[in-house]
Amino acid sequence: MPELPEVETIVRGLNQAIIGRKIKSIDILVDKLFIGNKNSVINSKIIEVKRLGKTILIYFENNYLLHIHLKMTGQLIFVNKNQQFKIKNLKLKIPPTIKIVGGGHPDKKYDQPLPHKYTHIIIKFTDESTLFYNDLRKFGWMKILDSRIKNLESRFGIDALSEKLNSNYLSSKLSKRNITTKQALLDQSIISGIGNIYSDEILFCARILPDKKVGKLKPSEINNIVNFIPIVLNKSIDLGGTSRSDYLKIDGSRGNYLKYAYVYGRENEKCRVCNTKIKRIKIGQRSSHFCTNCQK
DNA sequence: CAGACTGTTTCGCA
DNA sequence: CTGCGAAACAGTCT
């Protein structure tokens, strides 16, 4: 799925696109991807879109909300009435001049008129604009929640860009854990929002090997992690996020972070700092990239 | 052709 | 509670 910077980009796009709109209908083509009663949000005005970790929260005036997780391959595409008409009449590619809002995991397979084979949920607004939910692997979901229930945020770890994420918090969460630093960064109940790409990037900046056990981290190293998390994530948000394949920004252009990645996806290439060959190993079933010279 | 791998998380089990 | 491996699924890569 998109990680925090990509989800943040999508949320900003949705804030531009769907605030004030009302949903006329929701077509659920794959039942298991939609949890709850869709009628709760029909005809209520959308007042806010927020990000929680890697998930999206769409708040409605009637106190219900739509909670969305894109997981690996989920995608939200917003299409205006006229744009929808144009796209439906195109046989092949969506040209970059047609503005789409959203994104998540564009791919050649997705690059065709909507709805298509991987469209599983279609949200139609009263003004005839449409939000399509596409998901190749069907891991993602949408859930109806009552926003008056308070325990929502507590079920997640502290958001990676939260002010509350400091060294004391992280130390307390890591104490007595026998896991690697990489696994700790990926654990959404400790910090929410970091995925495989940015965990490698953050650890490179903090100069810590990904397989170092958290019990061996010095206080200064925990500080480094805490300091570099927002630096790396904000840099990626500024670059429009990234993707192994071809993540799209809201105007249809690509996110640029991967071009600047220090280690992710750069196995056998030279470290940008010291020219040592970047290594890749598996940690907890996830591939991890690092520089053996820069990281200790 | 088979098997491994992919941006994730959750579940069951030891 | 902790940590590990598998599962949810579909496509690409080796």
Side-chain angles (χ1 to χ4, degrees), chain A residues 1-10 29-35 51-56 67-76 102-112 116-121 133-143 155-157 159-160 172-202 210-211 213-215 232-233 236-237 239-249 254-259 261 263-268 280-289:
Chain A
M1 77 166 278
E3 302 180 39
L4 185 150
E6 292 77 36
V7 177
E8 179 65 28
T9 306
I10 292 166
L29 308 178
V30 178
D31 281 348
K32 67 161 212 159
L33 302 187
F34 196 98
I35 300 134
R51 182 185 59 73
L52 179 59
K54 302 174 193 173
T55 69
I56 299 164
H67 192 196
I68 303 172
H69 200 320
L70 302 173
K71 291 285 185 89
M72 302 273 276
T73 53
Q75 179 187 63
L76 288 172
H105 195 91
D107 214 311
K108 283 169 202 152
K109 301 169 285 299
Y110 289 135
D111 205 3
Q112 49 192 298
H116 54 52
K117 189 180 168 187
Y118 304 108
T119 303
H120 308 312
I121 298 170
Y133 177 74
N134 309 321
D135 193 344
L136 187 146
R137 291 173 74 175
K138 296 180 187 164
F139 288 178
W141 43 252
M142 287 191 188
K143 249 181 230 177
R155 287 188 55 245
F156 291 77
D159 190 89
S172 70
K173 279 287 188 180
L174 299 184
S175 71
K176 294 172 188 169
R177 295 294 299 271
N178 182 32
I179 51 175
T180 64
T181 311
K182 165 91 174 181
Q183 289 169 307
L185 287 181
L186 289 175
D187 186 335
Q188 304 297 300
S189 69
I190 299 174
I191 302 169
S192 74
I194 298 171
N196 207 34
I197 296 174
Y198 299 110
S199 58
D200 282 0
E201 297 292 292
I202 290 161
D211 59 350
K213 290 290 177 80
V214 292
V232 170
L233 296 179
S236 181
I237 291 170
L239 289 165
T242 192
S243 162
R244 277 184 65 256
S245 48
D246 44 0
Y247 171 80
L248 295 186
K249 286 192 288 185
R254 290 169 189 235
N256 286 318
Y257 185 85
L258 205 58
K259 278 188 222 161
V263 287
Y264 187 84
R266 300 190 68 243
E267 184 185 16
N268 291 329
R280 180 166 77 113
I281 61 169
K282 283 264 170 180
I283 299 172
Q285 301 154 271
R286 309 301 302 277
S287 82
S288 307
H289 311 72

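Within every chain, numbering begins at 1; the chains are lettered A, B, ... in the order of the sequence lines, protein sequences first and strands thereafter.
- Distance CD (E267(A)) to C1' (dT6(B)): 14 Å, rounded to an integer number of Å.
- In this structure, N196(A) places its CG atom 13 Å from P of dC5(B), rounding to the nearest Å.
- Counting only distance, with no hydrogens or angles, the side chain of D200(A) and the backbone of V263(A) share no donor-acceptor pair below 3.5 Å.
- Under the Watson-Crick and G-U wobble criteria, each requiring two contacts below 3.5 Å, nucleotide dC9(C) is left unpaired.
- One distance of note links CG of L70(A) with CE of M142(A); it measures 8.0 Å at 0.5 Å rounding.
- When the C1' atom of dC4(C) is taken as reference, atom CG of D187(A) falls 13 Å away, rounded to whole Å.
- A sub-4.0 Å separation between OP1 or OP2 of dG7(B) and a side-chain N or O of Y264(A) is present.
- Ranked by how close their nearest DNA chain B nucleotide is to the 5' end, Q285(A) and Q188(A) are led by Q285(A).
- When the side-chain nitrogen and oxygen atoms of S287(A) are compared with OP1 and OP2 of dT6(B), one or more of them lie within a distance under 4.0 Å.
- In this model, the phosphate group of dC4(C) is not approached by any side-chain N or O of K282(A) to a distance below 4.0 Å at OP1 or OP2.
- Taking atom P in both dT9(B) and dT12(C), the straight-line distance is 24 Å, to the nearest Å.
- Side-chain contact between P5(A) and Y257(A) is absent, with no heavy atoms from C-beta onward closer than 4.5 Å.
- Note on R286(A): a side-chain N or O is less than 4.0 Å away from OP1 or OP2 of dT8(B).
- For dG11(C), one of the phosphate oxygens OP1 or OP2 lies less than 4.0 angstrom from a side-chain nitrogen or oxygen of K117(A).
- The shortest distance between the side-chain N/O atoms of H69(A) and the OP1/OP2 oxygens of dT9(B) is below 4.0 Å.
- Taking side-chain N and O atoms only, K54(A) has a distance below 4.0 Å to OP1 or OP2 of dT8(B).
- Distance W141(A) CH2 to dT9(B) C1': 10 Å, rounded to the nearest Å.
- OP1 or OP2 of dG3(C) has at least one side-chain nitrogen or oxygen of R177(A) nearer than 4.0 Å.
- For dC9(C) and dC1(B), the P atoms lie 24 Å apart once the distance is rounded to whole Å.
- The L136(A) side chain lies nearest to dA10(C) when the options are dT6(B), dA10(C), dT8(B).
- Atom CZ in R137(A) sits about 11 Å away from atom C1' in dA7(C), given to the nearest Å.
- Across all strands shown, the partner of dG12(B) is dC4(C), judged by Watson-Crick or G-U wobble contacts whose two distances both fall under 3.5 Å.
- Among the atoms of the strands shown, only primed sugar atoms or phosphate atoms (P, OP1, OP2) are found under 4.0 Å from some heavy atom of N178(A).
- Using a 3.5 Å distance cut-off with no hydrogens or angles, the side chains of D211(A) and T180(A) do not pair a donor with an acceptor.
- Between N196(A) and L186(A) there is a side-chain heavy-atom pair separated by less than 4.5 Å.
- A straight line from CD1 of I35(A) to C1' of dT10(B) spans 12 Å, rounded to a whole angstrom.
- Distance, N134(A) CG to dA10(C) C1': 14 Å, rounded to whole Å.
- For the P atoms, the distance from dG7(B) to dT14(C) is 14 Å, rounded to whole Å.
- Although no hydrogens or angles enter the test, the distance criterion places no donor-acceptor pair under 3.5 Å between the side chain of S236(A) and the main chain of L233(A).
- What separates CG of D31(A) from P of dA8(C) is a distance of 18 Å, to the nearest Å.
- Separation of the C1' atoms belonging to dT8(B) and dC1(C) is 23 Å when rounded to the nearest angstrom.
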